[in-house]
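All chains are named by letter (A, B, ...) in the order of the sequence lines, taking the proteins before the strands, and each is independently numbered beginning at 1.
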Amino acid sequence: MAAVDLSTELCGIKLRNPTVLASGILGTSNALLQMVAGAGVGAVTTKSISLDPMPGHNNPITVGFEAGLLNAVGYSNPGLHAAIEEFKNLEGMGVPVIASVIGRGVGEFIKVVEGLWSQGFAAIEISLSCPHTPGFGMMAGQSNPHYTRQVVAAVRRVTSIPIFVKLSPETPDIAKVAVAAEEAGADGITAVNTMGPGMVINIEARQPVLGFKMGGVSGPALRPIAVRCVYEIYKAVRIPIIGTGGVSTGRHAIEMLMAGATAVGIGTAVCISGLDVFSAVCREMEEWMEANNVSSVQELIGTAHELYPE
Amino acid sequence: MAAVDLSTELCGIKLRNPTVLASGILGTSNALLQMVAGAGVGAVTTKSISLDPMPGHNNPITVGFEAGLLNAVGYSNPGLHAAIEEFKNLEGMGVPVIASVIGRGVGEFIKVVEGLWSQGFAAIEISLSCPHTPGFGMMAGQSNPHYTRQVVAAVRRVTSIPIFVKLSPETPDIAKVAVAAEEAGADGITAVNTMGPGMVINIEARQPVLGFKMGGVSGPALRPIAVRCVYEIYKAVRIPIIGTGGVSTGRHAIEMLMAGATAVGIGTAVCISGLDVFSAVCREMEEWMEANNVSSVQELIGTAHELYPE
Amino acid sequence: MSYTPNDSESTFNVLQPTIVRIDRIVDESKTTKSFFFNGNIEYEPGQFIMLWIPGLDEKPFSISYHGKNFFGITAACKGRFTRKLHQMSVGDILGVRGPLGRPFTIQKGNACLIGGGVGMASLATLVDRLKRGMIIQGAKTASDVLFRDRTGFSGMTVYTEDGSAGEIGLPTKNLETIYKQFGVMTLYVCGPEPMTHAVFEFARRHGLPMQASLERYMKCGIGLCGQCSCDGLRMCLEGPVVDRETLETLSDFGRFARLKDGRKVAIEEYLQVRT
Amino acid sequence: MSYTPNDSESTFNVLQPTIVRIDRIVDESKTTKSFFFNGNIEYEPGQFIMLWIPGLDEKPFSISYHGKNFFGITAACKGRFTRKLHQMSVGDILGVRGPLGRPFTIQKGNACLIGGGVGMASLATLVDRLKRGMIIQGAKTASDVLFRDRTGFSGMTVYTEDGSAGEIGLPTKNLETIYKQFGVMTLYVCGPEPMTHAVFEFARRHGLPMQASLERYMKCGIGLCGQCSCDGLRMCLEGPVVDRETLETLSDFGRFARLKDGRKVAIEEYLQVRT
Ligand SMILES: Cc1cc2nc3c(=O)[nH]c(=O)nc-3n(C[C@H](O)[C@H](O)[C@H](O)COP(=O)(O)OP(=O)(O)OC[C@H]3O[C@@H](n4cnc5c(N)ncnc54)[C@H](O)[C@@H]3O)c2cc1C
Ligand SMILES: Cc1cc2nc3c(=O)[nH]c(=O)nc-3n(C[C@H](O)[C@H](O)[C@H](O)COP(=O)(O)OP(=O)(O)OC[C@H]3O[C@@H](n4cnc5c(N)ncnc54)[C@H](O)[C@@H]3O)c2cc1C
Ligand SMILES: Cc1cc2nc3c(=O)[nH]c(=O)nc-3n(C[C@H](O)[C@H](O)[C@H](O)COP(=O)(O)O)c2cc1C
Ligand SMILES: Cc1cc2nc3c(=O)[nH]c(=O)nc-3n(C[C@H](O)[C@H](O)[C@H](O)COP(=O)(O)O)c2cc1C
Ligand code: FES
Ligand code: FES
């Protein structure tokens with residue numbers, strides 16, 4: 001059969017394959033994004049950018065457990081001004097670059113997006129969903145339909161590039177938030193951020209390991225939750241979804257696509273399996289697609305919603 | 001040093017060790033509970049009992065993934081009348097038996113508790129937290145402070161035995177619900193039920209595996225979330241907690257105790273490791289306690305809340 | 001047991017269905033078909049698999065044909081699930097979870113295999129394995145008889161309720177005579193529970209070793225939900241094959257079984273319920 | 001890498017701290033102490049560990065003593081973390097995550113080890129391993145000199161800024177002379193980045209092989225957060241030891257480093273910041 005076509009399209013953004021580097025993993029500098037681009041990813045996302053520099057939480061910021069990873073980075077980032085300096089010449093990257101943006105309020109979101117969007121980013125990702133940083137995301141109640149509508153509408157007015165909204169798996173009715181985002185003008189949804197928070201206690205020390213005591217859970221533990229979120233969002237909206245959470249193999253990526261994702265975010269697996277994870281996932285997808293007579297990614301998206309056998 | 005004392009006490013109920021069979025695992029008959037009692041558990045919980053018989057969801061009702069298990073049993077149970085017939089002579093069990101109770105509304109909870117409580121149960125566990133059964137738990141919005149207060153107050157009036165309230169890890173502010181339960185007269189908290197729901201799609205079939213498509217996530221994936229919930233509840237209430245979620249080793253049990261649990265529920269591990277899991281967990285706890293000069297379970301409860309180094 | 005890595009489609013496991021394609025369909029009798037699949041499943045006679053029709057349901061079946069790179073099941077058409085199964089065609093897909101449960105323990109000496117109805121399916125691979133012993137099949141009518149031309153079954157004695165094939169009557173009819181002729185033998189039994197119970201009483205009378213496969217309503221199949229319990233035993237884990245000593249301790253045996261909702265009803269009622 | 005089973009307290013891994021008890025504390029100099037622990041950690045010279053003071057913070061340190069069932073670190077007292085560490089006593093507990101990062105690759109032929117300040121700690125196990133080569137240490141004053149009496153260090157040349165011990169000046173002072181005398185040698189370097197940069201320029205001038213350990217602010221230590229980047233390399237994963245060829249490609253080397261919040265500042269500013 002003809003070669004398999006892994007390319008996909010996110011609201012007009014062409015991706016050579018559906019893998020996307022998730023925000024917060026390696027996305028601190030142009031040079032690191034470049035390295036990931038070289039490893040065969042379809043698109044990359046920057047570490048979330050806030051108006052002011054944030055030192056983040058004290059170490060440890062990550063801790064592993066038998067089924068995944070906890071992190072409480074605390075959105076450490078050098079702030080808008082430094083980000084403008086850092087993320088330049090994005091065309092040279094060879095893959096689309098998505099800017100992840102956070103804010104303590106609508107005003108901050110607007111300022112950061114105003115400052116950033118014309119740097120050459122392919123899209124803005126508005127993260128409303130971190131579970132472990134006071135003032136932001138879940139800890140500020142940002143992941144609800146009302147707030148989502150407000151932020152997206154406001155940001156919509158200051159940029160003409162596509163807007164993605166990144167949601168938390170802890171949102172009680174995630175599809176409603178996605179609908180609010182779509183109605184307010186978002187071009188896509190990223191689902192999901194880390195879940196929890198969770199906690200790992202070292203029993204010899206009798207202390208939570210993370211500097212912030214609790215942190216968002218990512219990796220294998222998160223995967224079925226992320227798949228269900230994507231499935232529910234796909235039923236509710238028409239805009240594309242970047243399905244993110246626990247993906248580390250081609251089979252996982254295909255599962256996300258079948259649930260309704262148009263592209264697949266990968267974060268934690270970059271650390272556990274190394275940068276090769278992107279090309280490995282693509283190779284495994286190709287192999288499966290060839291064996292199952294599927295010639296393009298388009299033929300997979302949302303297929304788990306069709307009733308079987310007829 | 002002297003032998004380690006594993007016994008613990010849940011609002012007056014004496015347990016020979018802190019392990020408790022979680023609800024919904026094997027708890028369908030007296031004979032099965034007896035078998036678990038024989039395996040060395042500290043206390044057992046029945047499968048949740050509703051007023052009317054419930055067939056539950058179609059198969060598959062469980063599906064494993066790389067980091068745990070999903071289930072969508074759908075609260076299948078023979079109903080109150082059959083339960084009264086089934087659960088008799090509980091004194092002969094040798095360990096305390098907790099009756100798990102569910103209802104579609106306060107009225108149903110009252111009827112079931114009225115019918116059951118004097119059968120010889122050590123306590124009633126009110127489950128407000130299943131994520132995959134329409135009309136019950138999360139799908140009926142039962143896991144919030146207001147509803148919790150109502151149900152507990154109502155049930156409190158019809159029984160004199162201890163009442164535990166079982167909470168969902170998906171509850172946005174779980175400590176608040178625990179406080180509501182305590183204020184309304186609950187004697188303890190069971191934390192947590194399964195999380196999610198999650199979904200596993202079989203990509204060759206392009207279909208969700210579970211009969212109900214989605215199901216609650218238990219096992220390793222849930223563990224850090226459960227530990228965090230127990231930690232937060234312990235800070236907020238004075239009643240004891242049965243810490244449940246992903247426990248399969250003595251170290252896990254000790255972590256739960258340090259987070260604030262007085263006893264430790266075990267469910268999924270019974271299937272993965274077999275019935276020996278209860279005695280294995282106890283043996284591993286003893287070994288650790290001896291090596292670390294801890295002579296009783298009491299010395300462990302809540303210790304992760306104390307500041308280190310001083 | 002460990003959690004399933006969802007990373008392979010080709011290894012069978014108990015926590016997640018593995019997809020197989022129907023390779024061949026054979027009509028075994030008027031109401032019974034065999035379905036063949038490619039794949040290498042480790043299976044011992046007496047164990048079972050959970051068969052998934054995606055989007056519909058998942059039900060327990062014995063493996064009735066077992067080779068190095070193929071296996072087959074033999075299903076009677078009873079209700080919603082098996083009706084759908086009987087409508088399926090070569091090339092259609094199904095999910096398989098297993099192998100599950102405890103198999104027959106093969107004993108030395110004389111063997112007597114007694115199957116009733118589609119219970120014969122469970123004994124078929126045991127016939128292949130044993131290559132010895134007496135085979136007795138009970139069926140309703142001639143058109144229900146299974147495996148008559150199958151290799152290794154040439155010596156099979158058939159009993160039908162209406163006498164349309166073999167001898168008229170139940171397959172337990174001549175057990176005393178057989179015992180007088182052959183003496184001590186191990187009884188391997190799978191069929192409707194009243195039949196199994198009759199064999200059990202015969203075996204107990206003579207102190208004969210016996211192993212029987214009991215059918216209970218299966219859900220998880222991995223010992224978790226407690227649905228399949230017969231007294232304190234889970235038929236998906238400590239069964240479905242149990243020996244005579246165990247049968248003696250089971251007060252439910254021959255008398256009660258649990259419906260899908262867990263209600264314990266008389267075995268006759270259980271066998272009539274359609275889901 | 002695979003996820004950590006939280007099931008053992010005795011195996012060191014990179015995802016979760018393993019608790020060790022302080023076994024012995026040795027004053028190495030006025031401002032520097034070594035802390036010894038029981039435990040068998042697989043460690044190659046040049047790698048590092050993350051040391052956790054429960055409830056406080058976690059910071060990177062080299063292993064400066066390494067045996068079959070013990071290891072030690074040598075820490076200067078700088079800020080909040082190392083102050084607390086210096087106050088700790090025998091019997092107190094700490095967490096260890098590691099080993100992390102890329103070690104020195106041992107080359108054949110002449111070797112020259114150049115350490116500045118507590119950078120000497122990272123070279124110490126390399127000295128143990130190489131059992132050959134020249135050792136050069138740079139220190140502020142006589143009371144800062146490390147490992148003077150340690151086995152294997154007898155031939156060490158010391159330079160102090162004030163001349164209170166050894167020769168006055170920087171440890172890079174006589175490199176040209178040494179090169180004229182000994183010819184080709186591999187340079188192993190760990191110290192303040194300006195010193196490392198000076199050695200690098202010398203090495204480049206003469207085309208000498210060189211390996212240097214670079215310090216960057218470490219958070220996750222496992223290549224996830226991107227905090228420790230020096231250009232496109234993560235110093236926790238592709239470093240901290242890099243060779244001369246790599247140094248040549250790093251525009252940040254000797255010039256910029258990232259603060260805890262990720263802001264890129266001049267290396268001099270970075271070295272002054274207290275957290
Ligand atoms: C260990 C075991 C091995 C089996 N092997 C075979 C076999 O090789 N060939 C074969 O034809 N049948 C076998 N069965 C029976 C088979 O599972 C049922 O025939 C099938 O489930 C009927 O489904 P249905 O929807 O067509 O009929 P339904 O109308 O749902 O039920 C008909 C009858 O099948 C039984 N049944 C239904 N669902 C289940 C279930 N989930 N678990 C157990 N029993 C159920 C009940 O007795 C019921 O009365 C086996 C059963 C068990 C427990
Ligand atoms: C690979 C590596 C190996 C090291 N080995 C040793 C060693 O063997 N002995 C030793 O004494 N020191 C070593 N250090 C430096 C050590 O990590 C710092 O001295 C220590 O973190 C200071 O913490 P503080 O709170 O006491 O001081 P602070 O006031 O926090 O900081 C003092 C200086 O230490 C450095 N620093 C602080 N936090 C970190 C961090 N998280 N990651 C990296 N650098 C940091 C910065 O340069 C800072 O300017 C090493 C650093 C790295 C990167
Ligand atoms: C160390 C780490 C840092 C993260 N930082 C961010 C962040 O800054 N912004 C954000 O939107 N998500 C952040 N995330 C969430 C990831 O982008 C991703 O949504 C999540 O980890 C699930 O995907 P995974 O299981 O593939 O890691 C972070 C995750 C990790 C593990
Ligand atoms: C198959 C299965 C059935 C369950 N049924 C119930 C139930 O009926 N009532 C209830 O309160 N919890 C039920 N639970 C939740 C468990 O009691 C427990 O809270 C949860 O599984 C987390 O613990 P674990 O990780 O040790 O399994 C069920 C869990 C499983 C896996
Ligand atoms: S079918 Fe669930 S325990 Fe046997
Ligand atoms: S410290 Fe996080 S990538 Fe190096």
| request: Classify the ring geometry between B:F136 and B:Y75 as parallel (under 30°), tilted (30 to 60°) or perpendicular (over 60°). | output: perpendicular

| note | Heaviest contributor of heavy-atom pairs below 4.5 Å to chain B, chosen from A:E170, A:E232, A:M138, A:R228, is A:R228

| task | Would you mind reporting whether A:P145 and A:V179 have side-chain heavy atoms less than 4.5 Å apart? | result | no

| task | Examine whether an atom of A:I225 lies under 4.5 Å from a heavy atom of chain B, and if so say whether it belongs to the side chain, the backbone or both; otherwise answer neither. | result | both

| request: Answer with side chain, backbone, both or neither: which region of B:L70 has an atom nearer than 4.5 Å to a non-hydrogen atom of chain A? | output: side chain

| Any ion pair linking A:E255 and A:R251 (charged N to carboxylate O, less than 4.0 Å)? | no

| task | Count the heavy-atom pairs under 4.5 Å between each of B:P172, B:G196, B:P169, B:G215 and chain A, then report the option with the highest count. | result | B:G196

| Heavy-atom pair with the smallest gap, counting every atom of A:G216 and A:P131 | CA-CG, 3.7 Å

| message | Which one wins on heavy-atom pair count under 4.5 Å against chain B: A:G246, A:P224, A:G198, A:A221? | response | A:P224

| request: Please determine, among A:C229, A:P197, A:A304, the option with the most heavy-atom pairs under 4.5 Å with chain B. | output: A:P197

| request: Hey, can you tell me if B:H305 and B:Y231 have their rings parallel, tilted or perpendicular (30° and 60° cut-offs)? | output: parallel

